[in-house]
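We name chains A, B, ... by the order of the sequence lines, and we start the count at 1 in each one. A quick note: this is a predicted structure, and the numbers were derived from the prediction, not measured.
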Protein chains: 2
Amino acid sequence: MDKLYVIKIGGNVIDDDNKLSAFLLQFAAIKGKKILVHGGGKLATRLAAELNIPQQMIDGRRITDSETLKVVTMVYAGYINKNIVAQLQAANCNAVGVCGADGNAILAHKRTGAATDYGFVGDIDSVDASFFQNILQQQDCVVLAPITHDGKGQLLNTNADTIAQETAKALSSLYNVELIYSFEKAGVLLDANDDATVIKEINPTTYKQLKEQQVIFAGMLPKLDNAFAALHSGVKKVIIGKAEVLQQLITGESGTSIIHD
Amino acid sequence: MDKLYVIKIGGNVIDDDNKLSAFLLQFAAIKGKKILVHGGGKLATRLAAELNIPQQMIDGRRITDSETLKVVTMVYAGYINKNIVAQLQAANCNAVGVCGADGNAILAHKRTGAATDYGFVGDIDSVDASFFQNILQQQDCVVLAPITHDGKGQLLNTNADTIAQETAKALSSLYNVELIYSFEKAGVLLDANDDATVIKEINPTTYKQLKEQQVIFAGMLPKLDNAFAALHSGVKKVIIGKAEVLQQLITGESGTSIIHD
């Protein structure tokens, strides 16, 4: 099977034109097939402010009312997605930008039953791997905006980390998938404030030890649990680290690799 | 060769939620492959007003400064494109929404040398028919937003009528293409104010006669010249009429058909 990189780009890079351009040049240079998953939260927040649409965040999650859904659809699937595609094309990377509604690629349902009403937020039901495969057979990469749909005409705002994970899992039947989460830190750290304490490799055995010793800071636990869930669903490797050193993440010179025993 | 419909939807339908939904149900019911080209001018104008971005129109054409380019990218390639896709999916029409930057589908250059500086407006250089063919082999239709790119990272605002025409021409080598322009009138009229005077069929011979007799109103001449240019480039038929009766346009019960001698 061919290798496929599913790469989630962090908000700190999306929101900075210079960092984004540098990242996209590194991304374009990666050999092989790849899917780039992006958000764009800060730009959406800024546009909402300009349009006087109040934004409510609960536990770091955006409440997506109908006006906010318009904003994120415009910003994620329109402005950010198409500007990334145009920049990748300029770097000789033949990119196609889509969201989860396109080709019925990612079917979701509006979240219900939660203690908080998050509005038009989608939880994923299924990812159609063949849609992505068809594009990747002709083009170099897919740029994926975190908007899904419910199959009944409703677009839904969906967490980009989750989209990256579910897409990586679904494509594991067709490719050897490596899932890369880029964020603001150098990887999984022993000391959350010290990038020098990055753990190079974690497998299920060492993860158990690290948890028992309580040396991984709490904020990383859900991310790591998700990473191991992805591994158990067929993903070959999960890498966590800084977008600024994307190529070193792929070679293993930087970041934390989450691997099988 | 398979039949392919390239359908340009007029602004009066895009801007009206009820008309748009009714149109999309008719569109979804068309058998065979199809491409839907849309604009969204009034929604873009409204968003620009809400953002206090002054809009300058010269001879009915929008001057696209950098802030306006952001607006049309968000509205056309984001909000309108993805909402159309979601509605088509709900009608069991497997649609994929893209703009001309995706897959390097439509390469353009910034218009230069004109007496008026239109800003970030693109004139089309080439359309990659194989990009559309690849999607249409797996899905039912492509929804195409009128944003192109220059291959150097710059998105460009491009006239949707021209996009429909150039896409139809390029795909004529792979499909039997019928190009449908829907607008606010019932077709090519002998009396611009009377929908009952629609001309059912025009071929090059009768077009010459109609022009000599000066019975076609002036505003239609550029549209008709473009239609005949499309025919000469391989398109089988051009149909002009009301979006509200899309299915009758296809059967020939309504609208004007522009055909070969």
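With a threshold of 4.5 angstrom between heavy atoms, Tyr76(B) does not approach chain A through any atom at all. Using a 4.5 Å cut-off between heavy atoms, Ser130(B) contacts chain A through both its backbone and its side chain. Glu50(B) touches chain A through backbone and side chain together, each having a heavy atom under 4.5 Å away. Of the atoms belonging to Asn83(B), heavy atoms from both backbone and side chain fall under 4.5 Å from chain A. Only the side chain of Asn94(B) comes within contact range of chain A, judged by heavy atoms closer than 4.5 Å. Contacts between Asp150(A) and chain B at a heavy-atom distance below 4.5 Å are absent for every atom of the residue. Only the backbone of Lys152(B) has a heavy atom closer than 4.5 Å to any heavy atom of chain A.
By number of non-hydrogen pairs under 4.5 angstrom with chain B, the leading residue of Ala95(A), Ala90(A), Ala77(A) is Ala90(A). Counting heavy-atom pairs closer than 4.5 Å to chain B, the top-ranked of the candidates Ile135(A), Leu155(A), Asn134(A) is Asn134(A).
The shortest distance between side-chain heavy atoms of Arg62(B) and Gln55(B) falls below 4.5 Å. Residues Tyr181(A) and Gln165(A) form a side-chain contact, since some pair of their non-hydrogen atoms from C-beta on lies under 4.5 Å apart. With a 4.5 Å cut-off on side-chain heavy atoms, Leu36(A) and Leu144(A) do not count as touching.
Residue Leu88(B) comes nearest to Cys141(B) through the heavy atom pair CD1-SG, 3.9 Å, listed as atom of the first residue, atom of the second, then distance. Of all non-hydrogen atoms in Ala29(A) and Gln247(A), the two that sit nearest each other are CB-NE2, 3.3 Å.
Figure legend: Lys242(A) and Phe183(A) shown without cation-pi pairing, the cationic atom not lying both under 6.0 angstrom from the six-membered ring centre and within 45 degrees of its axis.
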